[in-house]
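So the structure is just underneath, and the comments pick up after that.
Order of the sequence lines sets the chain letters (A, B, ...), proteins ahead of strands, with each chain counted from 1.
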Amino acid sequence: MPDSMRVRFAPSPTGYLHVGGARTALFNWLIARKLGGVFVLRIEDTDRERSTDASTRTILEGMEWLGLTWDEGPFYQADGFGRHKAEAERLLADGKAYRCFCTVEELAAKRGLLGDEYRYDRKCLSVSRDESDSRAAASEPHTIRFHVPEGTTAWDDVVHGETRFDNASIDDFIILRTDGTPIYNMAVVSDDIDMRITHVIRGDDHIANTPKQILLYQALGAPVPAFGHLPMILGPDGKKLSKRHGATAVGDYAQLGVLPEALFNFIAFLGWNPGDEREVMEKDELVQAFSLERINKKGAIFDTEKLFWMNGRYMEKKPAAELLPLVAPLMIEEGLIGEAEVEGRRDWLLHVVDLLKVRARKVEEIRDQSRVF
RNA sequence: GCCCCGUUCGUCUAGUGGCCUAGGACAUAGCCCUCUCAAGGCUAAAACACGGGUUCGAUUCCCGUACGGGGUACCA
């Protein structure tokens, strides 16, 4: 199984590459490297309203900066709309899904009435096959809903262990919109089948989607992959890390003078550890030590203090010649040196960087402390 | 509301029934080293959410409670 392992990272291009997303990508990358698997990158741009090219570019840049190289892709989910739709229709033909003619207004009204207790009432499940076909033939707008079967859906989660949901708690969810585009769960399952993904490792905010997706795999007659749900990364207040916590994007940390290898190492230790007392570990050591079994279940607060400490350790280890290209622009910007000096006084600058790097926690601290020279 | 997940020092965590007087790391305090500041070394303070079981013995297993998080969309 190891040599046929296929994992993926599937961000939606609606913002920057957040540290949470980066951690998900990192764990997938680590396990693929460790077990000789294939790491696939897929951009989930099904939400056309919010997806942007700029966001896709930022995500790819962030991954490259961290050194999270992918083996296949990037693939774009929207390119698979035809297949997603065909599979949803196959479910319809097989009687595993049905057309729903309820309008958004109608649904919203019911939801308003029942408030939080709202559940789809399966009104359209009782529409006869013939009536459904003729209304569709008359091009009456409709969505396609998956008909959730009775029973319970369980899986052996790679990080949480046995996890189960009573199917009765799952609504007959929409798989194809009125405009014929697929909804998230349909697109993901269709793509993961298509890409022969064997292990789905993602944030645990997706845990409630998993039974729906397993049901879809089964209805489609496809083998169900292994699932593993990673704990959330939280802000200092214990809530899910978000923009209001300040720097949360990978690019923000690059900007703050954090080295990619330091962020890589730090993020790898959020929800995972090698079991011994090592903490400063290079990429190849991390690959060597990594295992899905040692991933934690508890959400972890992102502690920037410790990140900067770790960054300091990496600055110290990094040769001055590699640090200089990062520091020189900052020095020029502050007028501490001229452009010509970068080459002209290269040996002297290397010496300065060498002396200062051991005490700096951020790249710019080398610049700041170099003022005395 | 309902469903699901989680709960060890301030923070990241080790720990899978006795090895725990609960270990390490960041941060904090002190000392050493040192021309300064770091780095490094040593030391200090600091945690098993609560209540019931199970057991000769629970941080570890089970059940409740509390608290936190996630989901419950024609978002992903």
Residues [X] and [Y] bridged, charged N to O under 4.0 Å:
X        : Y        : answer
A/Arg367 : A/Glu364 : no
A/Arg361 : A/Glu305 : yes
A/Asp194 : A/Arg42  : no

Geometric class of the A/Trp155/A/Phe165 ring pair [parallel <30°, tilted 30-60°, perpendicular >60°]: parallel
Whether A/His229 and A/Phe227 hold their rings parallel, tilted or perpendicular, with breakpoints at 30° and 60°: parallel
Taking only the side-chain nitrogens and oxygens of [X], find out if one of them lies under 4.0 Å from OP1 or OP2 of [N].
X        : N      : answer
A/Arg48  : B/rC74 : no
A/His160 : B/rG6  : yes
A/Arg111 : B/rA73 : yes
A/Asn273 : B/rA14 : yes

Tell me the interatomic distance from [X], atom [atom1], to [N], atom [atom2], rounded to whole angstroms.
X        : N      : atom1 : atom2 : result
A/Asp237 : B/rC67 : CG    : C1'   : 15 Å
A/Leu215 : B/rC3  : CG    : C1'   : 15 Å
A/Lys297 : B/rG15 : NZ    : P     : 11 Å
A/Met315 : B/rC37 : CE    : P     : 19 Å
A/Asn311 : B/rC26 : CG    : P     : 15 Å

Does [X] qualify as a cation-pi partner of [Y], given the criterion of NZ or CZ under 6.0 Å from the six-membered ring centre and within 45 degrees of its axis?
X        : Y        : result
A/Lys362 : A/Phe308 : yes
A/Lys283 : A/Phe264 : yes
A/Arg294 : A/Phe290 : no

Among [options], which nucleotide sits nearest the side chain of [X]?
X        : options                : result
A/Arg359 : B/rU72, B/rU36, B/rC5  : B/rU36
A/Asp171 : B/rC74, B/rU13, B/rA73 : B/rA73
A/Ser169 : B/rA14, B/rG71, B/rC3  : B/rC3

Residues from residues 173-185 of chain A lying under 4.0 Å of RNA chain B - heavy atoms: A/Ile174, A/Arg177, A/Thr178, A/Ile183, A/Tyr184
Strand contacts (RNA chain B) in residues 68-106 of chain A, 4.0 angstrom heavy-atom criterion: A/Cys102, A/Thr103, A/Val104
Set of side chain to side chain donor-acceptor pair (under 3.5 Å) partners for A/Glu89, sequence neighbours left out: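 Listed in chain order: nothing, the list is empty.
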Classify the nucleic acid contact of [X] as base, sugar-phosphate or nothing, counting any heavy atom under 4.0 Å across all strands shown.
X        : result
A/Arg50  : base
A/Arg294 : sugar-phosphate
A/Thr14  : nothing

Donor-acceptor contact present, side-chain A/Glu341 to main-chain A/Gly338, <3.5 Å: yes
Whether A/Asp192 side chain and A/Ile197 backbone form a donor-acceptor pair below 3.5 Å: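 Looks like no, no N/O pair under 3.5 Å.
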On a whole-Å scale, what distance lies between the [atom1] atoms belonging to [N] and [M]?
N      : M      : atom1 : value
B/rC62 : B/rG6  : P     : 11 Å
B/rA25 : B/rC42 : P     : 9 Å
B/rG41 : B/rG18 : P     : 31 Å
B/rG71 : B/rU65 : P     : 24 Å
B/rG1  : B/rC48 : P     : 29 Å

Watson-Crick or G-U counterpart of [N], or none if no pair lies under 3.5 Å:
N      : result
B/rA66 : B/rU7
B/rU28 : B/rA44
B/rG1  : B/rU72
B/rC61 : B/rG53
B/rA22 : none

side-chain hydrogen bond (donor to acceptor under 3.5 Å, both in side chains) contacts in which one or both residues fall within residues 260-271 of chain A, not counting sequence neighbours: A/Glu261-A/Lys318, A/Asn265-A/Tyr314
A/Phe302 and A/Tyr253 aromatic centres sub-6.0 Å: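 That pair passes the under 6.0 Å test.
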Ring-ring centroid check A/Phe27 A/His199, cutoff 6.0 Å: no
Face-to-face contact A/His206 to B/rA76 six-ring, under 5.5 Å, under 30°: yes
Residue whose nearest RNA chain B nucleotide is more 5′ - A/Asp276 or A/Arg313: A/Asp276
Pairwise 5' ranking along RNA chain B for A/Trp309 and A/Arg164, keeping only the more 5' one: A/Arg164
Between A/Asp179 and A/Thr181, a side-chain donor and acceptor under 3.5 Å: yes
Within the sub-3.5 Å range, which N or O atoms of nucleotides 59-62 of chain B have a protein N or O partner, and how far apart are they?
none

Under 3.5 Å between N/O atoms: give me all the protein pairs with nucleotides 8-12 of chain B, atom names plus distance.
| from | atom 1 | to | atom 2 | distance (Å) |
| --- | --- | --- | --- | --- |
| B/rU8 | OP1 | A/Lys298 | NZ | 3.0 |
| B/rU8 | OP2 | A/Lys298 | NZ | 2.5 |
| B/rC12 | OP1 | A/Ile301 | N | 3.1 |
| B/rC12 | O2' | A/Phe269 | O | 3.3 |

Heavy-atom pair with the smallest gap, counting every atom of A/Thr248 and A/Ser242: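 Heavy atoms only, the tightest pair is CG2-O, 3.3 Å.
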